[in-house]
*Asks:* 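Okay, handing you the structure first.
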Protein chains: 2
Amino acid sequence: MIKKQLIMEKALELFAKQGFEATSVQQITDHCGISKGAFYLSFKSKDELILSLIDYFMTQFISDIDYQVRNVNNEGLLFKYYHTTFQSFVQHSDFAKILMNEQAQTFNNKELIEKLHIYDRLLDKVTLTMVERLYGDEIIHTKYDLVYCIKGLMNNYSKLILFYNNSLDLKLLSESLVEKTNLLAKHATIAFISEDIIHAIEQPNLEVITKEQLLEMITQKKNEMEESIEKESLILLEQQLLEPTLSPAIVKGLIENIRNHPHCKWISYLLRNYFDL
Amino acid sequence: MIKKQLIMEKALELFAKQGFEATSVQQITDHCGISKGAFYLSFKSKDELILSLIDYFMTQFISDIDYQVRNVNNEGLLFKYYHTTFQSFVQHSDFAKILMNEQAQTFNNKELIEKLHIYDRLLDKVTLTMVERLYGDEIIHTKYDLVYCIKGLMNNYSKLILFYNNSLDLKLLSESLVEKTNLLAKHATIAFISEDIIHAIEQPNLEVITKEQLLEMITQKKNEMEESIEKESLILLEQQLLEPTLSPAIVKGLIENIRNHPHCKWISYLLRNYFDL
DNA sequence: TATACTAATGACTAATCGGTCAATTGTCAA
DNA sequence: TTGACAATTGACCGATTAGTCATTAGTATA
């Protein structure tokens with residue numbers, strides 16, 4: 001398990017520098033100081049590695065943003081949304097670079113492309129929730145279009161952050177985008193992206209996660225964790241899933257406990273959704 | 001020369017479908033119905049091929065946009081700018097796909113990355129010119145930021161056009177973006193991209209083209225062209241370069257004559273810049 | 001027809017890749 | 001110390017690649 005972490009870290013560096021295809025397994029193992037065979041003890045294939053990386057970072061990223069959108073009051077939410085996103089990009093800039101460079105069809109792995117697509121839509125969903133909360137009915141006809149604009153602006157400025165990350169002023173950038181978003185939300189009338197187009201794009205629905213899947217994930221995570229408040233909280237949440245006895249306030253507190261554990265961010269996100277908190 | 005065209009066309013299709021790296025020279029030659037050896041009679045390497053494709057399309061693309069910006073009056077210019085761009089994208093969607101997918105570091109060819117960067121900046125320059133003409137002094141502090149927003153929005157919507165190009169309404173899309181651009185131009189006050197940042201990014205200056213380079217290009221193009229009005233115009237423009245005798249109006253007319261010839265678009269763009277028309 | 005030339009071919013090379021597996025090393029209970 | 005088992009190694013395999021070049025096919029001239 002430690003070995004797996006090592007490989008992921010070192011591979012991330014190389015992928016960010018050279019791209020996924022251009023980095024060989026040999027290079028990765030050299031960089032780790034292990035043999036090629038050892039690599040295949042931790043990962044079934046090179047594809048499984050990049051897949052793990054995507055999962056590892058995207059789940060954390062979406063969980064963080066979703067938490068902000070759910071728990072910051074409207075005043076300042078938009079700023080927090082942008083600022084959190086850009087901070088995450090800077091913090092995990094190696095991963096962000098991979099995501100930028102390998103945007104679309106570069107991978108010849110269908111599973112991976114679908115995965116990226118799903119995370120992309122989850123992010124859209126979070127943004128949509130925020131936009132609805134912030135502007136309510138006044139943007140009912142333009143909300144999908146607004147989400148798309150936010151995404152476009154953010155993508156573009158993110159590129160700047162990654163390639164010239166000599167300490168850009170993320171606060172100013174976020175403020176600038178807050179102003180722009182408000183302008184577009186309050187005055188734009190001609191929407192290009194309608195609900196129809198969104199539905200046409202989203203073809204297969206996002207699968208709803210079942211209780212059983214949640215329980216299975218929790219069981220797995222428990223084994224990976226050392227004894228701690230987080231693990232204890234997770235066990236209590238597991239019991240709550242099997243037999244609801246605790247009050248919403250307690251459940252919310254338990255989820256809060258595990259929120260910042262890197263391995264639990266995704267579960268905390270899923271639980272928030274499941275318990276509708 | 002015909003062979004070169006054939007290879008470029010067929011390769012374009014394959015690159016759009018599978019990506020550059022994933023397409024082998026063998027596949028290209030099979031698709032053309034020629035041998036692998038024949039490929040290397042037309043191109044020194046696979047890299048030279050993609051390089052030629054980038055040049056061929058980007059020069060046309062930038063020339064077209066630049067022409068619109070220079071020759072359409074302010075009323076309706078913004079719409080024309082967006083509409084022309086999106087139409088070009090649809091018309092050359094195979095090339096646009098390559099450009100989208102292979103965005104950045106995918107190519108391990110420095111020359112190519114630099115080339116893309118240069119075209120990118122040329123496009124920014126055209127957009128900046130337009131923005132300055134449209135809004136004048138009122139956006140003097142926000143113009144670079146505005147250009148960057150326009151780019152971000154356009155990039156994002158372009159993706160949509162390419163991947164779901166089932167006859168989207170380009171007119172509506174353009175109108176929608178016109179409205180948004182006007183909103184941002186007239187009401188946004190907090191600019192993130194300042195002139196300083198632009199200068200920091202643009203490191204090496206865009207080289208100014210010399211008269212000698214222009215003459216050389218014209219000589220080369222003349223040999224590739226059959227007898228026509230376009231060729232005759234080109235010869236007259238060549239003489240004008242060597243010894244200015246014609247009035248600006250005539251020069252402008254001559255440039256107009258060659259504007260729509262696929263092989264002359266770039267030269268017409270360069271000449272417009274050179275004669276400052 | 002014979003000659004000289006160019007255009008085109010495709011078998012070949014050398015390199016690199018992801019992935020495998022027999023052999024080796026390390027570990028720990030008896 | 002021994003022996004059984006797990007962890008680790010790296011030489012090796014088959015597949016694929018860009019690029020080469022001796023050979024052949026096609027064509028124009030004398």
Side-chain angles (χ1 to χ4, degrees), chain A residues 1-55 98 101-102 105-113 115 223-224, chain B residues 1-55 98 101-102 105-113 115 223-224:
Chain A
M1 198 54 65
I2 294 294
K3 185 70 63 64
K4 218 166 170 171
Q5 279 291 332
L6 173 72
I7 294 173
M8 283 172 75
E9 270 173 40
K10 298 295 185 185
L12 188 70
E13 292 172 23
L14 293 173
F15 290 163
K17 242 185 281 176
Q18 317 170 340
F20 174 68
E21 299 283 355
T23 303
S24 68
V25 173
Q26 189 71 62
Q27 274 179 290
I28 296 169
T29 54
D30 285 352
H31 204 226
C32 291
I34 62 172
S35 71
K36 208 170 164 183
F39 175 92
Y40 286 93
L41 293 175
S42 292
F43 295 95
K44 274 208 293 288
S45 68
K46 195 185 164 191
D47 277 349
E48 204 195 75
L49 166 60
I50 187 74
L51 219 123
S52 297
L53 281 170
I54 303 267
D55 272 333
I98 295 175
N101 290 340
E102 242 75 15
Q105 256 78 334
T106 315
F107 299 113
N108 42 8
N109 181 320
K110 278 189 190 176
E111 196 183 345
L112 216 155
I113 294 172
K115 202 179 260 296
N223 296 333
E224 293 174 7
Chain B
M1 198 56 65
I2 294 294
K3 184 70 64 61
K4 218 166 170 171
Q5 278 291 332
L6 173 72
I7 294 173
M8 282 172 74
E9 271 174 38
K10 299 295 185 185
L12 188 70
E13 293 171 23
L14 294 173
F15 289 164
K17 241 186 282 176
Q18 316 169 340
F20 173 68
E21 298 283 357
T23 303
S24 69
V25 173
Q26 189 70 62
Q27 273 179 290
I28 295 168
T29 54
D30 286 353
H31 204 226
C32 291
I34 62 172
S35 71
K36 209 169 165 185
F39 175 91
Y40 286 93
L41 293 176
S42 292
F43 295 94
K44 274 207 293 289
S45 68
K46 196 185 164 191
D47 277 350
E48 204 195 75
L49 166 60
I50 187 75
L51 218 123
S52 297
L53 281 171
I54 302 268
D55 271 333
I98 295 174
N101 290 340
E102 242 76 14
Q105 256 79 334
T106 315
F107 299 114
N108 42 9
N109 181 321
K110 277 188 191 178
E111 197 182 344
L112 216 156
I113 294 172
K115 203 180 260 297
N223 296 333
E224 293 174 9

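Just so you know, these numbers use all the heavy atoms, side chains as well, and skip hydrogens, waters and symmetry mates. Lettering of chains follows the sequences in order, A, B, ..., and the numbering in each one begins at 1.
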*Asks:* Is the shortest heavy-atom distance from the side chain of A:His31 to the side chain of A:Glu13 under 4.5 Å?
*Replies:* yes
*Asks:* Quick check: are there more than 12 heavy atoms from other residues, nucleotides or ligands sitting under 6.0 Å from CD of A:Glu111?
*Replies:*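 No.
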*Asks:* Just checking B:Thr23: base, sugar-phosphate only, or nothing, at a heavy-atom cut-off of under 4.0 Å?
*Replies:*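 Sugar-phosphate contact only.
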*Asks:* With sequence neighbours excluded, tell me which residues meet side chain to side chain donor-acceptor pair (under 3.5 Å) with B:Lys115.
*Replies:* B:Asp55
*Asks:* Starting from P on C:dG10, measure out to CG on B:Asp30 and report it in whole angstrom.
*Replies:* 10 Å
*Asks:* Counting Watson-Crick and G-U wobble pairs with both distances under 3.5 Å, what is the dot-bracket string for DNA chain C, 5' to 3', using [ ] for crossing pairs and | for pairs to another strand?
*Replies:* ||||||||||||||||||||||||||||||
*Asks:* What's the CG-P distance between B:Leu41 and D:dG19, to the nearest Å?
*Replies:*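 B:Leu41 atom CG is separated from D:dG19 atom P by 14 Å.
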*Asks:* Between D:dA18 atom P and B:Ile50 atom CD1, what is the distance in whole Å?
*Replies:*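 After rounding, the reported distance stands at 13 Å.
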*Asks:* Hey, is the main chain of A:Phe20 close enough, under 3.5 Å, to the side chain of A:Lys46 for a donor-acceptor pair?
*Replies:* yes
*Asks:* Taking the side chain as every heavy atom from C-beta outward, state whether B:Leu49 and B:Val25 have any atom pair closer than 4.5 Å.
*Replies:*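 Counting from C-beta outward, B:Leu49 and B:Val25 never come under 4.5 Å.
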*Asks:* Which side-chain N or O atoms in residues 36-45 of chain B pair as donor and acceptor under 3.5 Å with protein atoms at least two apart or in another chain?
*Replies:*
{"unit_1": "B:Lys44", "atom_1": "NZ", "unit_2": "B:Glu48", "atom_2": "OE2", "d": "3.2"}
{"unit_1": "B:Ser45", "atom_1": "OG", "unit_2": "B:Asp47", "atom_2": "N", "d": "3.4"}
{"unit_1": "B:Ser45", "atom_1": "OG", "unit_2": "B:Glu48", "atom_2": "N", "d": "3.2"}

*Asks:* Using the side-chain heavy atoms of A:Ile34, tell me which of these nucleotides is nearest: D:dT9, C:dT9, D:dT17.
*Replies:* D:dT9
*Asks:* Tell me the interatomic distance from B:Glu21, atom CD, to C:dC17, atom P, rounded to whole angstroms.
*Replies:* 12 Å
*Asks:* List for me each residue that meets side chain to side chain donor-acceptor pair (under 3.5 Å) alongside B:Gln26, sequence neighbours excluded, and say none if there are none.
*Replies:*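 Listed in chain order: B:Asp30.
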*Asks:* Just the table, please: protein N/O against nucleotides 19-22 of chain C N/O, every pair under 3.5 Å.
*Replies:*
{"unit_1": "C:dG19", "atom_1": "OP2", "unit_2": "A:Tyr40", "atom_2": "OH", "d": "3.0"}
{"unit_1": "C:dG19", "atom_1": "OP2", "unit_2": "A:Lys46", "atom_2": "N", "d": "2.9"}
{"unit_1": "C:dG19", "atom_1": "N7", "unit_2": "A:Lys36", "atom_2": "NZ", "d": "3.1"}
{"unit_1": "C:dG19", "atom_1": "O6", "unit_2": "A:Lys36", "atom_2": "NZ", "d": "2.5"}

*Asks:* Run the side chain to side chain donor-acceptor pair (under 3.5 Å) test against A:Thr23 and tell me which residues pass, sequence neighbours left out.
*Replies:*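 By the side chain to side chain donor-acceptor pair (under 3.5 Å) rule, A:Thr23 matches A:Gln18.
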